[in-house]
Amino acid sequence: MNLGISTEERLARIRLNAFLYFRADWLQRLVDIFGSAQEILKQDANTLAREAHLNPSTAANLLKEAFTINPQEEWDKTEQIGGHIYVPEDEEYPQSLRNCKEAPIALYVLGKLPTENQACVGLVGTRKITPYGRRVAQKLATELAQCGVTIISGLARGVDSVCHAAAVKLKKPTIGVIGTGIGRCYPPENRELEKALLACGGAVLSELPFNRPPNAFHFPRRNRLIAALSQPVVVIEGEVKSGALITAKLALEQGKDVLAVPGSIDSPQSGGPNELIRQGAGVVTCVADILDYIPQASRFGLDLHFFEHTVQTPAKPEEQLSPREHEVMQAIADGQLSLDQIALAIKADVPETASLLFELEVKGFLACENGLYSKNKF
């Protein structure tokens, strides 16, 4: 902590940070104009509007919003769950965020933040993950974690969850930048993943007040923090208009490298990455393509084996299947069958058959349309 920042000023920053309708750099501008957050909060709306050239209603709303939270409660609740609230003057505040144009004036943190030269890669993508996206996300995240890279993502459903889980499985650190307060977990089914992430030496961070619920406009804001912490940012899947593409845009604005995983032209979820590639983004076909973009200063301690561009011979499909999965594929052949028909053909009950079909979908061997299963054409 920076002892030069008084407790009163920290609490005033926490209050000011609660006004989410201003960009963080606009809030910092107010601090610069008045000399401190404490001084801002001493003003009436008319004085604040006049001195900072704000609309009077905006100034009134800022003060109203700032005084809706109790900053000491925010501090105490954060400490109770083992967290901290940092300001940019603190040595613990990440330099990569401090260098960001919109550095949060208050940062809520659980766990251990990455060091200044730690290799960090942003892996982002759609919540509507496809079997192909799941395979790619798991492969890239696993190999990056094995190499020693810290994965940055948003702890959301889909691509984010797969990437965090891959690192956690290896007991490697990964950072979740969330669109709620750190007192909440969204989506709620990721509570165990969040606990495991922290247990593996990772971190969860947010600029939002402790118990702030999810809101649509929170997530584009948090994406700039994912971009700021990462070098490079990799888009795995996402439609042309999606949050992952917003992260890519913000990364480019921050001077970061943006990479994308190519996908089928028939898949809407590959529309975003394919468009980024068309616009000049780097193409990712293996983990070495990502590692090439990690700055030299951040490569110390990484496993250099993963930097090698080797052409891998893909495993034959039959080598990836269990004997029972083979039976399912043989039963379907080139046709379309329902769950009941497949269960009858392989002489299995419905729960076992449903489990086999789920695994084959996830692995990308099967597709289901209108309740009928057929071999995946992609």
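Since the structure is predicted, the reported quantities are computational estimates derived from the model, not experimental observations.
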Could you verify whether a donor N or O on one side chain and an acceptor N or O on the other, from [X] and [Y], lie under 3.5 Å apart?
X: Thr47; Y: Asp44; answer: yes
X: Thr285; Y: Asp289; answer: yes
X: Gln38; Y: Glu9; answer: yes
X: Thr130; Y: Gln269; answer: no
X: Asp76; Y: Gln72; answer: yes

Between [X] and [Y], which heavy-atom pair has the shortest distance, and what is it?
X: Asn17; Y: Leu27; value: CA-CD1, 4.3 Å
X: Arg157; Y: Tyr186; value: NH1-OH, 4.0 Å
X: Ile14; Y: Ile69; value: O-CD1, 3.5 Å
X: Tyr293; Y: Arg299; value: N-NH2, 4.4 Å
X: Ile236; Y: Gly133; value: CG2-O, 4.0 Å
X: Tyr86; Y: Val109; value: CD1-CG2, 3.9 Å

Look up atom [atom1] in [X] and atom [atom2] in [Y], then write down how far apart they are to the nearest 0.5 Å.
X: Glu359; Y: Leu321; atom1: CD; atom2: CG; value: 11.0 Å
X: Leu16; Y: Phe34; atom1: CG; atom2: CZ; value: 10.5 Å
X: Leu208; Y: Ile178; atom1: CG; atom2: CD1; value: 7.5 Å
X: Arg13; Y: Ile85; atom1: CZ; atom2: CD1; value: 13.0 Å
X: Ser322; Y: Leu360; atom1: OG; atom2: CG; value: 7.5 Å
X: Arg50; Y: Gln43; atom1: CZ; atom2: CD; value: 9.0 Å

Let me check something: do [X] and [Y] share a hydrophobic cluster, defined by ILVMFWY side-chain heavy atoms less than 4.5 Å apart, either directly or through other members?
X: Val234; Y: Val177; value: no
X: Val284; Y: Val233; value: no
X: Val258; Y: Ile226; value: yes
X: Val350; Y: Tyr373; value: yes
X: Val159; Y: Val149; value: yes

Under a 4.5 Å cut-off applied to non-hydrogen side-chain atoms, are [X] and [Y] in contact?
X: Cys147; Y: Val287; value: no
X: Cys100; Y: Gln254; value: yes
X: Leu30; Y: Leu62; value: yes
X: Thr126; Y: Ser242; value: no
X: Met329; Y: Phe365; value: yes
X: Leu366; Y: Leu357; value: yes
X: Pro173; Y: Lys112; value: no
X: Leu302; Y: Phe307; value: yes

Would you sort out whether Leu197 and Val204 count as a side chain to side chain contact (heavy atoms under 4.5 Å, CB included), showing the intermediate values?
-> CA-CA 8 Å; Leu197 178 158; Val204 174; 4.0 Å; yes
Residue that, paired with [X], satisfies side chain to side chain contact (heavy atoms under 4.5 Å, CB included) out of [options]:
X: Val162; options: Ile129, Val136, Leu140, Thr142; result: Ile129
X: Pro232; options: Leu291, Leu259, Asp292; result: Leu259
X: Ser230; options: Ile151, Asp257, Ile152, Ile175; result: Ile152

Test: Glu207 and Arg222 ion pair at under 4.0 Å =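 Here Glu207 does not pair with Arg222 in a salt bridge, since their nearest N and O are not under 4.0 Å apart.
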If you measure from the Lys or Arg side-chain nitrogens to the Asp or Glu carboxylate oxygens, is any gap between Glu237 and Arg127 under 4.0 Å?
->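 Arg127 and Glu237: not salt-bridged.
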Between [X] and [Y] (side chain of the first, backbone of the second, donor and acceptor by atom type, cut-off under 3.5 Å), is there such a pair?
X: Thr353; Y: Asp349; answer: yes
X: Ser153; Y: Leu155; answer: no
X: His218; Y: Pro213; answer: yes
X: Ser270; Y: Asp266; answer: no
X: Gln95; Y: Glu116; answer: no
X: Asn55; Y: Ser57; answer: yes
X: Ser206; Y: Thr180; answer: yes
X: Thr247; Y: Asn223; answer: no
X: Gln118; Y: Thr115; answer: yes
X: Ser161; Y: Ala156; answer: yes

Under the salt bridge (Lys or Arg N to Asp or Glu O under 4.0 Å) criterion, do Arg224 and Glu253 qualify, and how do the steps go?
-> CA-CA 10 Å; Arg224 82 187 193 283; Glu253 289 175 356; over 6 Å; no
Please determine whether the number of non-hydrogen atoms from other residues, nucleotides or ligands lying under 6.0 Å from atom [atom1] of [X] exceeds 12.
X: Gln138; atom1: CD; result: no
X: Phe67; atom1: CZ; result: yes
X: Glu189; atom1: CD; result: yes

Worked check of side chain to side chain contact (heavy atoms under 4.5 Å, CB included) between Leu107 and Leu205 | CA-CA 7 Å; Leu107 186 68; Leu205 60 91; 4.0 Å; yes
How would you list all residue pairs meeting salt bridge (Lys or Arg N to Asp or Glu O under 4.0 Å) that involve residues 15-37, not counting sequence neighbours?
->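 Residue pairs with at least one partner in residues 15-37: Arg23-Asp25, Arg23-Glu102.
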Side chain to side chain donor-acceptor pair (under 3.5 Å) between Tyr108 and Glu74: does it pass, once the steps are laid out?
-> CA-CA 10 Å; Tyr108 294 67; Glu74 293 282 302; 2.6 Å; yes
Dump the intermediate steps for salt bridge (Lys or Arg N to Asp or Glu O under 4.0 Å) on Asp90 and Arg10, then the final yes or no.
-> CA-CA 11 Å; Asp90 291 330; Arg10 288 181 184 278; 2.6 Å; yes
Begin with the C-alpha distance, continue with both residues' side-chain angles, and end with the deciding distance and a verdict on side chain to side chain donor-acceptor pair (under 3.5 Å) for Asp340 and Ser338.
-> CA-CA 5 Å; Asp340 290 336; Ser338 68; 5.3 Å; no
